[in-house]
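Step one of this worksheet: look at the structure below.
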Amino acid sequence: MRAPFKFVTASLTAATVLGLALAQGNQPVIGLITKTETNPFFVKMKEGAQKQASALGAKLMTAAGKTDGDNASQVTAIENMVAAGAKTILITPSEPKAIIPAIQKAQAQGVQVIALDSPTDPQSAVNALFATDNFKAGVLIGQYAKAAGFSGNKVAKIAMLDLSPGPLVGIARHNGFLAGFGIKGITAKTATLATAPQVVCAQDTYGDQAKGQTAMENCLQKNPDINLVYTINEPAAFGAYQALKTAGREKDVMIVSVDGGCAGVRGVQSGQIAATSQQYPLKMAALGVVAGVNYAKSGKKASGYTDTGVTLITNKAVQGVSSKDAKFGLANCWGQ
Amino acid sequence: MTNPNPKSLTVPPQRGSLRERLPSLTVLGPLLALILASAFFATQSDRFLTGQNFSLILQQVMVVGVLAIGQTLIILTAGIDLSNGVIMALGSMVMTKFAVEAGVNPYLAVLCGLLTTTFFGLLNGLLITRIKLPPFIVTLGMYNIAFALTQLYSNAQTVTGLPAPLTFFGNTFRVGNTAISYGTVLMLVLYFVTWFVLTHTAPGRHVYAVGNNPEAARLTGIPTQRVLLLVYTIAGLIYGIAALLLVSRTGVGDPNAGQTENLESITAVVLGGTSLFGGRGMLFGTLLGALIVGVFRNGLTLMGVSSVYQILITGILVILAVATDQLSRRKT
């Protein structure tokens, strides 16, 4: 059983590598590894990369983990792409630390590795990072919430629907929101989830609508006076809205979020979400492909951090916080 | 290879000595755990012990609670189903996409969703009984198949703007100050009906017998393969009902739903004292098992504790539950 199986695998691998090597010719090969195949954010990122690669005459290979946090699949993908002759690999690391040895191995073979969307830990493990400034994304909605509803004497009672323990993205958005809201002593360097007297409840949602709903229900049970809700992303925001609606509180509680997917922007349009910070996966991918083609042509690697931008989307603009309306948001959103 | 733990054919005791009539530790365990946890949280938060809060917990566990009915039936036959959550997700996508995007009558759309999940249950059952594949493998494969089909069919996109009939079970009615959702009532009715069939009808008793000792059951004239096929098919239908509850509760068709519910439903069954080795267990224990998880999630939030502790405690309770089952088995 075992020997023929090995033989088949080996020949398949050899044939794939050979086939790819023959097919590529002088075409630069760029690999894109996302966290999952199914998240609309990554679907859009893949689309953007494909479009840019076609425009520049590059060949794009893609791969993804099975679930968020599936490091093993990403490692395998890196190895396969290096074997297939990719000279640049773009990756949204699922595990910021655990992926590093695989990245270093690829780099040792002359491969340029660029992180998209999420940094590695340390960030310097990759050649460059193209991503949203998540702290700034949080700051924007914090500032907005303060100016739109809590600049006077009204006391804020905040529920924070977070991502999950660990990921830097979740910590950056959470802390950014509190800093933007005016809580002292929180900076982009604060390494753990900060808290404040105004925060009456904090729960993990894993960015999932159903879990967001359950978390909000329990938070309302804990403190019925909650009047401001921070959510890690829009699915969690919709879950929170559903819970508030059931409790008859959807009119007098403000929900702010981060992400800017098309469904989320429509939530802003309909008034379910007061404001959201929109990020741009398409741009991350396009910049990544350009950097890959540059490296193939000139041998010059990209470096440092490139902020791909974040825009506050709301239909009720407030003074002192710059924002765009939902129409702009819909024209620039990802997903459906 | 000798079987170290031969099973005897014991249909659950109906009448007998006092010792047999007293509820065993596996029955009392989950109830005790639920009461102790509730008592503890009641001392920690004055918001815990209210009708509204319990209604809330019931609403939060109703989807897993209903999935776990199907899972209990399957585990009673000494099987397991790893595909229930994603089959539910597929059913919910069929319901929502048919109703919203294909313009199908909402009731018909729900029926199509139920038929889809029932079909997948039947498929599981056929592979297990006709080709004699182990349930673990069949449902593991089906997990991947149903998940992939859901993603392909939905293009990984959420469906919103559901018509009212699809969200009916998320609505509530009032009893005093407590708002109770219709979905919760449906879940309790399902538990009652399934319990009645399991304990008061011949096919129900056959489920226990098949799980306890399939060979002995076959020799006594029970059509074991047909019982198994029926169990997996009915479980599929139950997953369809869970799909309807899911879309009612969240108000959307979510292609990424259901990916962890397989393990959550197994957790509820095990916490409820049903033996993973088949043939022993109480359906209402499963409801208690689901409630225990819900109570910890709710109570720890009220206390302001991180939800990671809920996962920790659930893990400890699962091991305790299985250990209790093993120890009580050794005595008999």
Side-chain angles (χ1 to χ4, degrees), chain A residues 36-44 46 64 66-68 159 161-162 164-166 193 195 199-224 234-235 238-239 241-243 245-248 261-264 266-267 270 272 334-336, chain B residues 44-48 50 52-57 59-61 63-64 144 147-148 150-152 154-161 167 170-172 179 181 246-261 294 296-311:
Chain A
T36 67
E37 290 283 3
T38 54
N39 184 326
F41 185 88
F42 297 126
V43 172
K44 198 67 184 181
K46 211 160 95 179
K66 287 193 276 290
T67 56
D68 204 333
L161 303 191
D162 291 316
S164 57
L193 290 178
T195 191
V199 178
V200 295
C201 189
Q203 278 293 297
D204 294 333
T205 65
Y206 298 86
D208 174 274
Q209 177 158 349
K211 290 192 177 74
Q213 184 174 348
T214 300
M216 189 68 227
E217 286 167 352
N218 288 340
C219 279
L220 274 179
Q221 196 64 25
K222 183 184 180 204
N223 193 323
E234 287 127 13
F238 286 125
Y241 181 80
Q242 188 76 17
K245 199 173 153 202
T246 308
C262 297
R266 280 195 293 275
S270 66
Q272 299 183 357
W334 43 273
Q336 271 181 7
Chain B
Q44 298 297 309
S45 165
D46 52 357
R47 297 184 185 281
F48 181 79
T50 61
Q52 182 58 40
N53 197 38
F54 277 106
S55 168
L56 191 64
I57 294 170
Q59 280 174 50
Q60 292 174 350
V61 305
V63 172
V64 168
N144 291 297
F147 175 74
T150 307
Q151 298 298 334
L152 291 171
S154 66
N155 200 16
Q157 299 299 330
T158 306
V159 181
T160 54
T167 55
N171 298 340
T172 54
S181 82
L246 176 75
V247 299
S248 294
R249 180 167 153 73
T250 56
V252 295
D254 176 6
N256 289 318
Q259 291 180 51
T260 56
E261 272 76 350
F296 272 104
R297 186 168 49 207
N298 175 275
L300 290 173
T301 309
L302 294 189
M303 284 174 66
V305 177
S306 156
S307 42
V308 180
Y309 284 96
Q310 176 219 336
I311 303 172

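- Between B:Thr260 and A:Lys211, the shortest heavy-atom distance links the atoms OG1-NZ, 4.0 Å.
- Of the residues B:Ile57, B:Thr301, B:Leu300, the one that meets the side chain to side chain contact (heavy atoms under 4.5 Å, CB included) test with A:Asn218 is B:Thr301.
- In this structure, A:Asp204 CG and B:Ile311 CD1 are separated by 8.0 Å, a value rounded to the nearest 0.5 Å.
- Of the residues considered (B:Val305, B:Leu56, B:Val252), B:Leu56 shows the highest number of contacts with chain A, using heavy-atom pairs under 4.5 Å.
- The contact between B:Thr50 and chain A is made entirely by side chain atoms (from C-beta outward), counting heavy-atom distances below 4.5 Å.
- For a residue to count as touching a neighbouring chain, one of its non-hydrogen atoms must lie under 4.5 Å from one of that chain's; by this rule A:Phe42 does not touch chain B.
- Heavy atoms of B:Asp46 lying under 4.5 Å from chain A are absent altogether.
- Not a single donor-acceptor pair under 3.5 Å links the side chain of A:Glu217 to the backbone N or O of B:Gln60.
- Residue B:Arg249 comes nearest to A:Ala210 through the heavy atom pair NH2-O, 4.4 Å, listed as atom of the first residue, atom of the second, then distance.
- With sequence neighbours excluded, the residues satisfying side-chain contact (heavy atoms from CB on, under 4.5 Å) with A:Pro224 are B:Arg47.
- Note that the OG1 atom of B:Thr160 and the CZ atom of A:Phe238 stand 8.0 Å from one another [nearest 0.5 Å].
- Only the side chain of B:Phe147 comes within less than 4.5 Å of a heavy atom in chain A; its backbone stays farther off.
- Remark: side-chain polar atoms of A:Gln221 are not paired, donor with acceptor, to backbone N or O of B:Asn298 under 3.5 angstrom.
- In this structure, chain A has no heavy atom under 4.5 Å from any part of B:Ser45.
- When the candidates A:Arg266, A:Gln213, A:Lys66, A:Gln242 are compared by the number of heavy-atom contacts under 4.5 Å with chain B, A:Gln213 comes out ahead.
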